[in-house]
Amino acid sequence: MDGVTDHPYRHIQKKYGTPQVIYTEFTNVEGVCHGAIRLLKDFLFDETQRPIVAQIYGTTPKYFRQVAVVLCELGFDGIDINMGCPAKSVDSSGAGAALIKTPKLAQEIIAETKAGIQDYLHGLRSKDCPDISQEIATEVAKRHEKLPQEYKENREIPVSIKTRIGYDTPVVEEWIPTLLAMNPAVIALHGRTLKQQYSGESNWNEIHKATQLCKNTETLLLGNGDVLNYEQAIEYVKKYEVDGILIGRGSFGNPFAFQPHSDKLLQQHNIFEIAIEHCKLYETTYESATYHFMPMRKHLGWYVKGIEGAREVRIELFQANNSMEVESVFKKHNLI
Ligand SMILES: Cc1cc2nc3c(=O)[nH]c(=O)nc-3n(C[C@H](O)[C@H](O)[C@H](O)COP(=O)(O)O)c2cc1C
């Protein structure tokens, strides 16, 4: 999730929630191929986060092919293509959920991403890709060197799609077969249209329709939208016959959302100690970057959601510039 599921966040979620699979923030292939080295921060991860899937978006098939090589070299366990983002800037470029309106291009993007994985298996590396800058290729090769041996080996990693049920109206009956024709390993389906953005409710009946279309194929169908915890996920798996569930916003401020009895686990742990651990990892991850503490603050707001006097605590946390200042706010309010 853009602006949320960075390396420190995923590390904390994986440590306390143990989700079975985790995705990076979406990253723009045009940006990577135009030399934006800062985007490589989206592809930072540690070994605790496996299986880790890199999510990419864009509209240029040849760039998907080259970024697939980069992602293989970085040691990711899968590549996910975002065909679900409703943001205006993404939609207007024809990427994200706008690809629902250009099915031929969507198919070409999947084919090229798969071709990039084959290029890698045939020995191509980032430095050999015409649109990957030398600076990016050098950094990618450096990270590759640090991988455990098993992830340095050639592996044929899967390609998956994250999408929505339609652009302005649900079109699952046409859209899902369009994707299935390209044989993706997984389709993750958010039960809203692009037009809905995040309003209304996720339409699980449309998601159920999609599961029926995936029967007797090799593609797994994951449902998504408004699931808050493990128990609800299990209920929906049975009710809507999905192969699994993605939890997004339910994990904000609650790393236990992926585990049974998350309420009990929240009571057993001091969530504010976990918040400090998160802050410290954030600082060490981005210490040398021109990256401020600001993006960390929204997480702090989520961690204190629902506590007594949350508003006052949040105002103070939103002025914090490092983990020490966060710690003193928590101490002042007797939270740790
Ligand atoms: C702040 C924010 C950022 C998001 N970024 C992404 C993203 O980068 N890639 C993606 O596939 N979905 C993204 N989404 C959509 C979520 O993955 C998910 O589909 C949506 O929030 C519905 O699921 P939920 O109800 O479990 O949150 C984002 C959603 C939010 C709220």
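For ligands, and for the atoms within them, numbers begin at 1 and follow the listed sequence. FYI, the numbering just counts along the sequence from 1. Here the structure is a predicted model, which is why all the values come from computation and not from measurement.
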Nearest non-hydrogen protein atom, atom 9 (N) of ligand 1:
Q55 OE1, 2.7 Å

Considering only protein heavy atoms, which is closest to atom 5 (N) of ligand 1, and at what distance to one decimal place?
D2 N, 2.7 Å

A cation-pi test, strictly: NZ or CZ of R192 under 6.0 Å from the centre of the six-membered ring of Y198 and no more than 45 degrees from its axis. Yes or no?
no

What pair of heavy atoms forms the shortest contact from R143 to L40, and how long is it?
NH1-O, 3.0 Å

Can you name the ring-ring contact (aromatic ring centres under 6.0 Å, His included) partners of F252, sequence neighbours left out?
W302

If the cut-off is 4.0 Å to any non-hydrogen atom of F26, which atoms of ligand 1 fall inside it?
8 (O)

With heavy atoms under 4.0 Å as the rule, classify the contact between R249 and ligand 1 as side chain, backbone, both or neither.
both

Proximal ligand 1 atoms for G225, defined as those under 4.0 Å from one of its heavy atoms:
23 (O), 25 (O)

Can you tell me if Y198 has a non-hydrogen atom under 4.0 Å from ligand 1?
yes

Does R50 make a cation-pi contact with F76 (under 6.0 Å, within 45 degrees of the axis)?
no

Taking all non-hydrogen atoms of both residues, which atom of E73 and which atom of H144 are closest, and how far apart?
O-ND1, 2.7 Å

Please tell me whether Y9 and Y282 form a close aromatic pair, meaning their ring centres lie under 6.0 Å apart.
no

Kindly confirm or rule out an N or O of R192 lying under 3.5 angstrom from an N or O of ligand 1.
no

For A95 and T59, which heavy atoms make the closest approach, and how far apart are they?
N-CG2, 3.5 Å

So, are K215 and E241 salt-bridged, with charged N and O less than 4.0 Å apart?
yes

Residue, atom and distance of the protein heavy atom nearest atom 19 (O) of ligand 1 read N224 OD1, 2.5 Å

At under 4.0 Å between heavy atoms, which part of N82 makes contact with ligand 1: side chain, backbone, both or neither?
side chain

Atoms in ligand 1 with a heavy atom of K162 nearer than 4.0 Å:
10 (C), 11 (O), 12 (N), 15 (C), 16 (C), 17 (O), 18 (C), 19 (O)

Return yes or no for this condition: an N or O of G248 is under 3.5 Å from an N or O of ligand 1.
yes

Would you please indicate if the ring centroids of H34 and Y63 are separated by under 6.0 Å?
yes

Between ligand 1 and G3, can you find any atom pair, the residue atom being a heavy atom, that is separated by under 4.0 Å?
no

Does ligand 1 have a heavy atom under 4.0 Å from the side chain of H190, from its backbone, from both, or from neither?
side chain

Proximity winner for atom 6 (C) of ligand 1, if only heavy atoms of E25, M1, M83 are counted:
M1

